[in-house]
Structure formats: structure tokens, C-alpha cells
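Bear in mind that the values here come from a model prediction, so they are computed numbers and not experimental data.
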Amino acid sequence: MTSTLTPQPVERTKPERPGAVARRRTRVLALPEARWAAAATVLFLLALPLQLTGAPAWTWGPLYALSYVTGGWEPGWEGLKALKDRTLDVDLLMVVAALGAAAIGQVMDGALLIVIFATSGALEALATARTADSVRGLLDLAPATATRLSPDGGEKAVAVEELTVGDIILVRPGERVGADGRVLDGASEVDQATITGEPLPVPKERGDEVFAGTLNGTGALRVRVERDASDSVIARIVRMVQEASETKAPTQLFIEKVEQRYSLGMVAATLAVFLVPLAFGAQLTDALLRAMTFMIVASPCAVVLATMPPLLSAIAKAGRHGVLVKSAVVMERLGQVDAVALDKTGTLTEGSPRITDVRPLPGSGLDEGELLTLAAAAERPSEHPLARAVVDAARERGLDLPEARDFTSAPGVGVTAVVGGRTVAVGAPARLLDDTDTDNTAAELEESGRTAVLVVVDGTPAGLLGIADRLRPDAAATVASLATLTGSAPVLLTGDNPRAASHLAAEAGIDDVRAGLLPQDKLDAVRELERAGRKVLVVGDGVNDAPALAAAHTGIAMGRAGSDLALETADAVIVRDELAAVPATVALSRRARRLVVQNLVIAGVFIAGLVVWDLAGDLPLPLGVAGHEGSTVLVGLNGLRLLREGAWQRAAAGESS
């Protein structure tokens with residue numbers, strides 16, 4: 001090992017829990033809305049006892065005035081700017097109502113309105129900030145600097161943004177990897193839980209891929225950078241999460257359109273409530289007070305706040321469990337799906353071939369261990385995925401692999417090498433040898449969904465290996481959960497051969513199998529389902545899945561091995577590669593949609609009740625203020641219920657009703 005890789009002393013910090021993400025929590029007073037609301041509240045609480053105890057007006061009047069200014073200047077200014085753009089803002093209506101109350105001598109009532117309204121705005125800002133904290137916690141992974149190695153072995157600490165493809169970086173024990181790349185030298189174990197969800201550190205040695213932000217163990221690694229910082233897994237996550245905060249769900253957009261018309265109608269109704277009683281001889285003060293109360297209680301603040309908090313909370317909760325939903329639109333749409341189409345390789349399966357069968361042929365004189373040893377020794381120099389599967393199987397069994405000489409590889413045929421003085425060929429049975437017994441065994445393996453690999457020793461068939469992509473452990477449970485949620489069994493769309501696809505689908509519990517599909521065929525299958533009136537969720541990971549992901553009602557990409565195109569096209573990404581997160585996210589979306597409906601009902605009941613009370617009876621202004629702002633706070637807090645830890649557990653357990 002080179003001197004560059006000599007472990008250096010590192011500062012020891014508090015051990016990190018595997019899979020933990022550094023969390024930043026916004027302090028309440030760090031928000032300007034909270035500071036202004038706090039100031040308005042303090043000033044109000046200072047003025048109120050002075051007024052109630054009969055102190056001179058000059059002692060409490062200025063305090064009330066300052067309370068109006070500190071709590072109302074920001075919403076008032078924003079409302080004036082909106083009015084300049086010919087938009088009537090609810091915030092401006094609240095400030096006007098407070099000033100109107102003060103104009104008729106109800107100074108305390110107006111100040112109370114300002115305080116409650118400012119506090120409601122601060123709570124909304126805090127909820128939004130805490131939601132952003134939860135999502136942003138996933139992004140606090142990559143270090144700010146990395147140690148770049150020069151050709152002469154020198155070291156220089158540079159910002160990770162300065163790294164370019166081809167640079168060599170040094171990752172010392174206990175450090176986080178600075179860029180996506182591949183190990184050139186060294187050996188260690190890397191905790192990838194924050195990216196892949198793997199519970200245990202993963203051994204890394206020469207040739208292995210590492211990701212920015214993952215935590216290195218006790219060894220030192222030299223890594224060649226393979227992606228710019230802007231294209232790393234972490235950077236893609238950042239962009240996806242930023243997109244989530246820039247879009248609004250269709251329900252929210254609809255409410256905003258209604259809000260404009262509603263606000264104009266409310267102004268007209270307020271004028272009517274004021275002018276009609278005056279026309280019939282009512283006192284000016286009484287008419288104005290009733291009109292101000294009406295404008296306050298009829299304002300649609302709670303309705304406007306009903307939609308986004310539940311959806312943003314659901315995005316944050318899903319993000320903390322490794323599911324990055326790109327927008328509130330997507331979070332809302334996920335709950336609407338009633339059909340699911342799944343890709344096979346890398347989605348239902350682990351995406352890496354593994355040895356499932358080792359079958360020595362009669363007369364070869366070899367047992368399973370000897371056959372696998374010869375095959376793995378011959379395949380070890382090869383970079384083919386099937387070759388790696390053979391070598392990995394030998395290592396898992398603890399077999400010692402002898403050195404191979406005279407290695408040659410023929411694309412589409414196989415490899416040949418001399419192992420322990422014997423010539424070993426490993427490859428496709430049809431290309432290496434034509435033998436009836438061998439053909440029968442190979443056909444049997446392929447009939448069961450395996451890929452058959454023939455091992456020939458000194459020109460004589462010695463045995464066959466069966467290789468298959470293993471079904472994910474949670475695949476069958478996921479398929480069952482999706483069927484329960486949507487009311488119909490998922491469809492398997494794959495480019496694999498029909499025999500392998502059918503065998504795996506049977507293990508997963510899928511009956512509708514469409515195999516041998518090209519990307520256009522997958523797209524056509526999705527469109528066929530949508531023409532039948534279905535809202536289709538497509539789950540995939542490869543370039544060939546991208547057209548279907550784009551055409552579907554909603555698309556989810558498996559993030560660990562997903563192609564860049566699939567990750568960009570999909571509406572959501574399963575970062576930790578846990579298939580069971582798909583039904584959990586759908587169930588979470590449905591819970592968020594139910595909370596939206598609950599909030600709209602709560603807001604509507606409060607508004608209707610207070611308006612009727614004001615028009616048909618005598619609603620005191622303070623009570624109207626408390627009822628209106630109380631409903632706003634109530635729907636805001638109700639929308640944040642999905643931030644509780646139990647929300648994900650219930651969704652993962654299949655709670656969809």
C-alpha cells in the first residue's frame with residue numbers, strides 16, 4: 001500500500017448512529033414572522049392590564065399602537081404590493097379590519113386581531129420551516145471539502161465543487177466521501193445507510209463504487225472521481241427536493257383562484273352589511289362594528305391554509321424515510337392511483353445476478369465446490385456481470401481461488417483460462433459445446449427462469465451453473481400491499497424473456513406478465529391501461545423504463561441503481577432502494593388527502609357558523625376574531641399531524657382507509 005494511504009490521526013467525534021442524518025432544526029426566533037409576532041404579543045400583554053385597571057390612555061395607547069405596527073406592518077405591506085398587482089390579499093383585509101375596529105373605539109379588539117393573526121402567520125412559517133428542516137436533513141451529507149491528490153503524491157484540501165471527473169481524492173478513516181467515484185486503492189467498510197438504506201457498512205476495495213456523503217470506516221481509500229459535484233447522487237437529491245418546494249398541488253391552485261373571487265365577494269358583502277343597516281336607521285358605530293366582524297369571520301384564511309401543510313408534511317415524512325417526492329402535485333397524485341405497473345430487473349429483483357444452482361455432470365469427478373472453484377478462478381479476470389456472480393458465489397462459500405493463466409475472453413461466447421494446469425472454459429452452453437445431456441440440463445435450468453452457464457474442463461463438459469436475479473425479500477409483500485391499496489393486482493412489464501419473467505412473477509404473486517417488451521412496448525402498455533380509465537403508477541429503474549415513467553399518471557424510480565434518465569423522469573425516487581416504501585408512500589398520500597378534506601370541512605363549518613351568528617345575532621368582535629383565527633390555527637396544526645413518527649409506521653403497515 002502506498003504511503004498516501006497510511007491512516008492519519010483523525011479527530012474523534014460522537015459516533016453516528018448507522019443511517020442517521022445530521023438534523024438542523026430552525027429556531028423559532030430565527031424566523032422574522034415569529035419575532036414580529038412575539039413583539040406584538042408582548043406589547044399587547046403590557047397594554048391590556050393597564051387598560052383594564054383604569055390607567056390613563058396615554059400609558060396603554062402607545063403600546064397598542066406599537067402592537068398594531070409590529071404585528072401588522074408585514075402582512076399589510078405584502079397586501080399593498082398584491083393590491084398593486086390587482087390582487088386582493090386576505091392579509092390586507094385583516095389589517096383593514098383591525099384598523100376599522102380601532103377607528104370606532106375598539107382598540108383592544110383590533111390589537112387582539114393583529115396579535116392572533118400575527119401568531120397564526122408565525123405558526124405557519126414555523127411549520128413550513130420545520131418541514132424544510134426534515135427534508136433538508138437528507139441533504140446534509142456531503143462534506144464541504146475533500147483531500148485531492150496531485151500526481152506527485154501531494155495533498156491539498158479543496159472545496160468539493162472544485163473536483164472534476166478524473167481527480168483522485170483521499171478518504172481517511174472516519175471521513176465522509178467527498179464525491180461519487182470508484183476505489184483505486186485501499187480497503188475499508190463504508191456506511192451507505194443514508195444513501196442506500198443498507199443497515200451494515202459495506203466492504204469497499206479496488207474497483208468498488210462509493211458515493212458522496214457516505215461515511216468511511218477504519219481504512220483509507222484512494223478514489224477516482226467519476227461525477228462532478230453537480231451530478232452526484234446528493235446533488236440530484238438536492239435538485240429534487242428544491243423542486244418540491246416550488247410547486248403547488250392542483251387543489252391549492254384551485255383554492256387560490258377561488259380566494260380571489262371570494263375576497264372580492266366578501267368586500268362587496270361587507271359593504272352591504274355596513275350600508276343596508278344604515279339605510280334602515282342603524283347607528284353608524286353598530287353598523288361598522290358588525291361589518292368589521294363580518295369581514296373578519298368570513299375571510300378564507302383557514303381554507304387557504306387547509307391544503308399545503310398536509311401535503312408538505314407528507315413530503316417531509318416520506319423524505320426522512322428515503323422517498324423523495326418531487327412536488328406537492330406528485331404527493332397528491334400518488335393517492336389517486338388505482339393501477340400499478342412494475343419493472344422486473346432492479347425493481348422487483350435486486351438487479352444483480354447470483355448463483356442459484358451448481359450442478360456437476362455425471363462422470364466429471366468434481367463436486368460442487370471443485371466445479372465452482374475452477375469456474376470462478378477462470379472468470380475472476382473478467383468484468384462481465386455473470387463472471388462477477390460466479391466469483392462472488394465462490395467467495396461467499398470461502399473457496400480459495402488459484403491463479404488463472406492465459407486468460408482470453410470471447411464476447412458472446414465466454415472465457416478460457418488455464419487453472420492448475422487444466423484448461424477451463426466457461427460460457428453459454430450453445431456456443432461452447434453441443435451435447436444432448438448438457439442441453440437437457442441447461443433447458444431444465446432455463447425453464448425454471450435461470451441463465452445456464454456451462455463449465456468445460458480439458459474439452460469435456462464438467463457441469464452447469466444456474467444464475468438468476470434474486471427477488472427482493474419484500475417483493476411479494478409489496479405486491480400484496482399495492483393490490484390491497486389499488487383494488488387490482490400489479491402488472492409486470494419487462495424486457496426479459498417470458499420464461500424468466502413468468503417464474504419470477506409467480507414468486508412475487510403477479511398474474512399479469514408482459515415480457516420481452518421494448519421501451520415503446522412498455523409505453524404502449526401504460527397508455528392502454530390509461531385508456532381504460534386507470535390512473536397508473538409505474539415503478540422502474542432503467543433507461544428503458546423512462547418513457548413509461550414519463551407517460552404514467554405517476555412514476556417512481558428505484559434510486560440505488562436507477563439510471564440518470566429514469567431518476568430525472570420519475571416523479572419520486574426511492575433513495576434507500578426499499579421496495580416496501582412504494583405502498584407506504586401511496587398510503588401516506590391518501591392520509592394527506594384525507595387531512596385536506598378534513599381541513600376544508602373544519603374551515604367551512606367555522607366560517608359558516610360565525611357568519612350566521614354575526615348576521616342573525618350579535619357576535620362580539622373578540623369572539624369572532626378568536627373563532628376565525630382559532631380555526632386557522634386548528635387546520636394548520638391538523639395538517640402537521642403527518643410529521644409525527646407514527647404516521648410513516650401506520651402507512652407502512654398498510655393503513656389506507
Side-chain angles (χ1 to χ4, degrees), residues 51 57 61 64-65 67-69 71-118 120-121 255-305 600 603-632:
Q51 182 189 19
Y64 276 136
S67 180
Y68 275 77
V69 172
W73 80 266
E74 189 172 34
W77 179 248
E78 293 299 322
L80 289 174
K81 289 195 295 184
L83 194 61
K84 182 181 178 182
D85 297 329
R86 299 182 179 180
T87 299
L88 188 59
D89 194 284
V90 173
D91 293 359
L92 182 60
L93 296 180
M94 290 295 99
V95 174
V96 170
L99 294 176
I104 60 175
Q106 303 288 334
V107 179
M108 186 271 289
D109 295 338
L112 177 62
L113 172 59
I114 289 290
V115 168
I116 295 179
F117 190 65
S120 176
I255 286 175
E256 287 185 348
K257 293 176 182 177
V258 171
E259 177 192 347
Q260 295 301 309
R261 297 185 179 93
Y262 183 94
S263 297
L264 292 173
M266 189 184 69
V267 171
T270 301
L271 291 174
V273 171
F274 173 61
L275 295 175
V276 171
L278 279 181
F280 285 92
Q283 294 294 322
L284 174 64
T285 300
D286 293 339
L288 184 57
L289 181 59
R290 184 183 294 272
M292 290 296 101
T293 304
F294 175 85
M295 185 170 69
I296 291 169
V297 299
S299 294
C301 302
V303 175
V304 174
L305 193 61
L600 291 174
V605 168
F606 267 83
I607 290 175
L610 293 172
V611 165
V612 170
W613 188 351
D614 183 55
L615 295 178
D618 186 16
L619 175 63
L621 179 61
L623 190 56
V625 169
H628 176 269
E629 295 303 324
S631 67
T632 302

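Judged by distance alone, the side chain of Arg290 and the main-chain N or O of Asp614 form a donor-acceptor pair under 3.5 Å.
Of all heavy-atom pairs between Ala291 and Val273, the closest is CA-CG1, 3.9 Å. Nearest heavy-atom pair, Ala111 versus Tyr68, reported as atom, atom and distance to 0.1 Å: N-OH, 3.2 Å. Taking every heavy atom of both residues into account, Pro277 and Ala287 meet most closely at CB-CB, 4.4 Å.
Separation of atoms CH2 (Trp613) and CG (Leu610) is listed at 7.5 Å; rounding is to 0.5 Å.
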